[in-house]
Amino acid sequence: MYLFAIQTYYPPSTLAMKVTSDEETTIGILDNLSEHTRKFVLAHELGHVVEHANNSTTLL
């Protein structure tokens, strides 16, 4: 799994995204969030990874 900062424009409500391709998952998190918010958002996105581990559907 790789983490990257989202540096292009997304709607203000987009704090992060998870993209899955084959067996690799990438999570992107806005780089201007507070440390507390980044941790919360990362935990949320990791929850999607665990929840959909055996599912081919990708949630963005």
Side-chain angles (χ1 to χ4, degrees):
M1 181 181 327
Y2 300 95
L3 300 179
F4 64 92
I6 300 171
Q7 299 197 5
T8 56
Y9 175 78
Y10 292 90
S13 61
T14 303
L15 301 179
M17 65 173 47
K18 175 185 80 74
V19 179
T20 302
S21 172
D22 297 326
E23 294 187 21
E24 182 173 298
T25 298
T26 303
I27 295 174
I29 301 173
L30 284 174
D31 58 359
N32 62 346
L33 302 176
S34 71
E35 181 180 358
H36 175 78
T37 302
R38 280 194 318 266
K39 287 178 179 180
F40 180 87
V41 170
L42 177 58
H44 175 88
E45 293 302 319
L46 288 172
H48 285 298
V49 172
V50 171
E51 180 181 16
H52 301 284
N54 295 322
N55 187 345
S56 62
T57 302
T58 299
L59 300 179
L60 299 178

[atom1]/[X] to [atom2]/[Y] distance, rounded to the nearest 0.5 angstrom?
X     : Y     : atom1 : atom2 : result
Asn32 : Arg38 : CG    : CZ    : 9.5 Å
Met17 : Leu30 : CE    : CG    : 9.0 Å
Leu15 : Glu45 : CG    : CD    : 9.0 Å

With heavy-atom distances below 4.5 Å as the criterion, would you say the side chains of Ile27 and Val49 are in contact?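 With C-beta onward as the side chain, the pair touches.
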